[in-house]
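Everything below concerns the one structure shown next.
Both ligands and their constituent atoms are indexed starting at 1 by order of listing. The figures that follow rest on heavy atoms only: side chains count, while hydrogens, waters and symmetry mates do not. In this chain, numbering begins with 1 at the start of the sequence shown.
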Amino acid sequence: MMLTGCPSCPEKFADWYRKMDCWRGETFGGMLRERAQRQGERIAVTSGEKNISYAELDNRADQLAAGFQKLGIKQGDRVVVQLPNIIEFFDVCFALFRLGALPVFALPSHRSSEIRYFCEFTEAVAYIIPDTYMEFDYRSLAREVKNAAPALQHVIVAGDAGEFIALTELYADAIVHLPAVSPSDVVFLLLSGGSTGLSKLIPRTHDDYIYCVRVNAEICRLNRDSVYLTVLPVAHNYPLSSPGVFGTLYAGGRVILAAAPSPEEAFPLIEQERVTITSLVPPLALIWLEAASSCRHDLSSLKVLQVGGAKFSEEAARRVKPAFGCTLQQSFGMAEGLVNCTRLDDPEAVIVSTQGKPASPYDEIRVVDENDVDVQPGVVGQLLARGPCTIRGYYKAEEYNKKAFTPDGFFRTGDLVSVNESGYFVVEGRAKDQINRGGEKIAAEEVENHLLAHPAVLDAAIVSMPDAFLGERSCAFVIPRNPVPRAGDLKKFLKERGLATFKIPDRIEFIDDFPYTPLGKVSKKELRKMIAEKVNEKKVKE
Ligand code: OOB
């Protein structure tokens, strides 16, 4: 079933990816069914004291699909899913996959500004939440959202539902009829890190996502004995698929869900469950490295520690093997599809100093200058990508797609890279107007637009500032009106507008006017330099 507003892969390329055995015609629903038939008794997912086998997961997905169907959720419908690392996440995903309904994966940190937009833009029929998580009540968020999104018919709660529908009540007995789901159908919408006002939605198909999952699982040598620990939010593309939880299930292994990413939570789990692989963002890797030196837990089962989502410094990367006795894998991927990573048998020097090479041999890569002319090897340029995992366009974004993709279908990643003689990337910077706050992406324009809504803000420009722990934090330069607002009031204002906390500027600097480029655009480069100097000056004084 075609979802309108999703540019599909041209037939010529689709044929090629099939011929090359990338796209094998599998679906997620079918994949789980097959695993359940082959190894039904084996544990698929563990969370705390709860274990569910492949057969149970398969069964629960069917029962929940029946319940969703009774509610009227049908093929092609969009459902905003905002669940933390709990077993129900899997029931919900596979139930929706089997119905051909599409999860829109929100993160637990999103608040009303983001959720309202996802619901409205995708015309979602349902919104699925936990009752509370990390001391936040998602039901109050749902109340706000429901008023704003008329198409939204159902709010479904994992836990105490209040006035909403309890997820537990939806596990029904008999499925009426499961629709035919084609491997080329869109399976869900992922969120882009974004650089424009509102984040773009990424339509991924069964074909392209399962291939991505499979190729990453192969690179990480996952098999039935693999145990993947999920510490990052499971709905993020990285722990979801690179190879993450879906890669582990594809390989028939076991997924462990951690309630929190801290070493206090994760290290005992590694010991107890004999975890073999996990993935972290760089700031978390720093915390784990620190904790490993005084750790009394047996972490010897860990074979691979993946670090990605933001640049991992070479100094920190060098410490991974001595600290954990396992192989580091650097992962440089994007929800739009392309994933690059170092290989487990790469020399240590390559592993610590590069962000890897494309996961698939069918990924086509170009590194270009500002005129789209290919640069010489080793020269920094913008990375363009086309391949069996990479989308050909964002959901309902016809105009934007003309800029985000070349006419021949390469995705403009916005990442500045150099490529060494072995084809490995070093991420050198970013051309897109985005802040990467320790792996969490902030589109500058989105936050600027919110700031501009404040009556005391004449203009605003947000840039990154260097940070030893997160790599980058955000700094908003604001031209105020009179009377000059207080920084704290502006932050509070953004919070009240329902913006996720990680997007609220870490620092606000008031300024009389911006520096401009010769073309009259705000010079963010100059602003970044100004704040970096200020931050470094302070460090020198300290
Ligand atoms: C992952 O996916 P997204 O969609 O949240 O973010 C993608 C962007 C990239 O375009 C790049 O700017 C940045 O995040 N990034 C890195 C990086 N990994 C991602 N920048 C420097 N070094 C790295 N290792 O973040 C993602 C998806 C799949 C696998 C891994 C990460």
What distance do His450 atom NE2 and Lys495 atom NZ have between them, rounded to the nearest 0.5 Å? 14.5 Å
Closest protein heavy atom (residue, atom, distance) for atom 29 (C) of ligand 1: Tyr238 CD1, 3.5 Å
Does Arg430, backbone or side chain, put an N or O under 3.5 Å from an N or O of ligand 1? no
Out of Gly309, Ser192, Pro282, Pro239, whose heavy atom sits nearest atom 18 (N) of ligand 1? Gly309
Phe332 CZ to Cys341 SG distance, which is reported to the nearest 0.5 Å: 11.5 Å
Minimum heavy-atom distance Asp506-Arg473, with the two atoms named: OD2-CB, 3.1 Å
Picking from Arg78, Arg204, Lys200, what satisfies side chain to side chain contact (heavy atoms under 4.5 Å, CB included) with Leu189? Arg78
Apply side chain to side chain contact (heavy atoms under 4.5 Å, CB included) to residues Gln329 and Ile351 and explain how you reach the verdict. CA-CA 7 Å; Gln329 184 194 55; Ile351 291 178; over 6 Å; no
Would you say Gln355 has any N or O atom under 3.5 Å from an N or O of ligand 1, going by distance alone? no
Measure centre to centre between the rings of Phe118 and Tyr127, then say whether the value is under 6.0 Å. no
Heavy-atom contact under 4.0 Å between Gly193 and ligand 1? no
Answer side chain, backbone, both or neither: which part of Lys441 comes under 4.0 Å from ligand 1, heavy atoms only. side chain
The salt bridge (Lys or Arg N to Asp or Glu O under 4.0 Å) partner of Lys503 among Glu445, Glu114, Glu448 is Glu114
May I ask you to check if ligand 1 and Ser331 share an N or O to N or O distance below 3.5 Å? yes
Could you check which of Gly471, Gly308, Gly333 puts a non-hydrogen atom nearest to atom 19 (C) of ligand 1? Gly333
Under 4.0 Å from any heavy atom of Asn237, which atoms of ligand 1 are there? 27 (C), 28 (C)
Between Val307 and ligand 1, which part of the residue brings a heavy atom under 4.0 Å of the ligand: side chain, backbone, both or neither? neither
Identify the protein heavy atom lying closest to atom 4 (O) of ligand 1, giving its residue, its atom name and the separation to 0.1 Å. Ala335 N, 2.9 Å
Show which atoms of ligand 1 fall inside a sub-4.0 Å distance from at least one heavy-atom site of Val427. 21 (C), 22 (N)
is_close_aromatic(Phe514, Phe477), centroid dist under 6.0 Å: no
Just wondering, more than 12 heavy atoms not from Lys396 lying within 6.0 Å of its NZ? yes
With heavy atoms and a 4.0 Å threshold, my read on which part of Ala310 contacts ligand 1 is backbone
Considering heavy atoms of the protein only, find what lies nearest to atom 21 (C) of ligand 1 and give residue, atom and distance to 0.1 Å. Lys311 N, 3.3 Å
Option nearest atom 12 (O) of ligand 1 (shortest heavy-atom distance, choices Asn216, Asp415, Leu107, Asn340): Asp415
May I ask you to check whether over 12 heavy atoms, not counting those of Lys524, lie within 6.0 Å of atom NZ? yes
Quick one: does ligand 1 sit under 4.0 Å from the side chain of Ser242, the backbone, both or neither, non-hydrogen atoms only? side chain
